Undergrad: 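Quick one: this structure, given as structure tokens, is what I'll be asking you about.
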Amino acid sequence: MGSSKYFTLKEARLSNNCPECYSNDGLEITFKQKLTENIFYKAITSETTLQMHCYSCNTTIFPVRWTDDIERVVEYQQRAVQPRPKSIKLKPLAWAFIFFDLLIVTAVILYATGVISFS
Ligand SMILES: [Zn+2]
């Protein structure tokens, strides 16, 4: 019951020719990093992904269509991308859960050691 999202790290215009329409001013590459989220926390993963799109013919260019030139540029761009460090952020519900757990543990200890009794 979690969800995965991606946030944009970097967008770059390429001057390469599009493999579909041969225009040389439409290609854009987008680097994204994965984010997972559920009701307890929000976490940045180390997983990154990239997507290429041509705005001249409005087509997503998949890696199978890349030319050697495009591959070289992608490699170059990829080296310049700085992914965000992995991190995790707990949501209020998680803190409430932890607090509740602590309360139970404390009550059990107090009961076991005879500090409190229910009789
Ligand atoms: Zn195109």
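Model, not experiment: these values are computed from the prediction.
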Undergrad: Could you see if Leu50 belongs to whatever hydrophobic cluster contains Phe7? Use Ile, Leu, Val, Met, Phe, Trp, Tyr and a side-chain cutoff under 4.5 Å.
TA: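 Yes, because Leu50 and Phe7 connect within a single hydrophobic cluster, where side-chain heavy atoms sit under 4.5 Å apart.
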
Undergrad: I'd like to know whether CZ of Arg13 has more than 12 heavy-atom contacts from other residues, nucleotides or ligands below 6.0 angstrom.
TA: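 Yes, CZ of Arg13 has more than 12 neighbouring heavy atoms, counting only those of other groups under 6.0 Å.
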
Undergrad: Let me check something: do Ile61 and Tyr22 share a hydrophobic cluster, defined by ILVMFWY side-chain heavy atoms less than 4.5 Å apart, either directly or through other members?
TA: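 Different clusters.
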
Undergrad: Can you find a heavy atom in the side chain of Ser4 that is under 4.5 Å from one in the side chain of Thr36?
TA: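 Sidechains of Thr36 and Ser4: in contact.
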
Undergrad: Are the side chains of Lys91 and Ile39 in contact, using a 4.5 Å heavy-atom criterion?
TA: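 Ile39 vs Lys91: side chains apart.
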
Undergrad: Hey, quick one: are Tyr111 and Val115 part of the same hydrophobic cluster, counting side-chain heavy atoms closer than 4.5 Å, chains of contacts allowed?
TA: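 In one cluster: yes.
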
Undergrad: Can you name the nearest heavy-atom pair linking Pro83 to Leu9, along with the distance?
TA: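 In this case the closest contact between Pro83 and Leu9 is CA-CD1, 4.0 Å.
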
Undergrad: Please find the pair of heavy atoms, one from Lys10 and one from Ala80, that lie closest to each other, and give the distance.
TA: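 Result for this residue pair: NZ-CB, 3.9 Å.
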
Undergrad: Does some side-chain heavy atom of Thr8 sit less than 4.5 Å from a side-chain heavy atom of Gln33?
TA: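 Result no, sub-4.5 Å side-chain heavy-atom pair not found.
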
Undergrad: Please round to the nearest 0.5 Å and tell me the distance separating atom OG1 of Thr45 and atom CD1 of Ile88.
TA: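 It is 11.5 Å, given to the nearest 0.5 Å.
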
Undergrad: Mind checking whether Thr48 and Val81 have side chains closer than 4.5 Å, heavy atoms only?
TA: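 The answer is no; the side chains never approach within 4.5 Å.
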
Undergrad: Could you tell me which residues satisfy side-chain contact (heavy atoms from CB on, under 4.5 Å) with Ala94, sequence neighbours excluded, listed by chain and number?
TA: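 In terms of side-chain contact (heavy atoms from CB on, under 4.5 Å), with neighbours along the sequence ignored, Ala94 is linked to Phe40, Leu90.
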
Undergrad: Shared ILVMFWY cluster between Trp95 and Leu93, side chains joined below 4.5 angstrom?
TA: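 They do share one cluster, since a chain of ILVMFWY contacts under 4.5 Å joins Trp95 to Leu93.
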
Undergrad: Atom CD in Glu20, atom OG1 in Thr60: separation rounded to 0.5 Å?
TA: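 Glu20 atom CD to Thr60 atom OG1 measures 10.0 Å (nearest 0.5 Å).
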
Undergrad: Over all heavy atoms of both residues, which pair between Ser23 and Gly26 is shortest? Give the atoms and the distance, please.
TA: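 The pair with the smallest heavy-atom distance is OG-N, 3.8 Å.
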
Undergrad: Nearest 0.5 Å, please: how far is NZ in Lys86 from NZ in Lys34?
TA: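 It comes to 12.0 Å.
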
Undergrad: Within this structure, what is the SG-CD1 distance for the pair Cys54 and Ile29, rounded to the nearest 0.5 Å?
TA: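 If I round to the nearest 0.5 Å, the distance is 13.0 Å.
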
Undergrad: To the nearest 0.5 Å, what is the distance between NZ on Lys32 and CD on Gln51?
TA: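 Nearest 0.5 Å value for the NZ-CD distance: 5.0 Å.
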
Undergrad: With side chains defined as the heavy atoms from C-beta onward, is the minimum distance between Ser56 and Cys18 less than 4.5 Å?
TA: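 Not touching, per the 4.5 Å side-chain cut-off.
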
Undergrad: Taking the side chain as every heavy atom from C-beta outward, state whether Leu27 and Met52 have any atom pair closer than 4.5 Å.
TA: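 Yes. Closest side-chain heavy atoms under 4.5 Å.
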
Undergrad: Please name all residues satisfying ring pair (Phe, Tyr, Trp, His ring centres under 6.0 Å) with Tyr6, sequence neighbours left out, ordered by chain then number.
TA: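 In terms of ring pair (Phe, Tyr, Trp, His ring centres under 6.0 Å), with neighbours along the sequence ignored, Tyr6 is linked to no residue.
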
Undergrad: Flag yes if Val108 and Ile98 sit in one hydrophobic cluster, no otherwise; membership is Ile, Leu, Val, Met, Phe, Trp, Tyr, and two members link when side-chain heavy atoms are under 4.5 Å apart.
TA: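 Result: no, two separate clusters.
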
Undergrad: Atom CD1 in Ile109, atom CD1 in Ile104: separation rounded to 0.5 Å?
TA: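 Going from the CD1 atom of Ile109 to the CD1 atom of Ile104 covers 12.0 Å.
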
Undergrad: Are any non-hydrogen side-chain atoms of His53 and Tyr55 less than 4.5 angstrom apart?
TA: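 The answer is yes, as the side chains (C-beta and beyond) meet within the 4.5 Å cut-off.
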
Undergrad: Counting C-beta onward and ignoring hydrogens, is there a side-chain heavy-atom pair between Leu14 and Gln77 closer than 4.5 Å?
TA: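 Yes, side chains in contact.
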
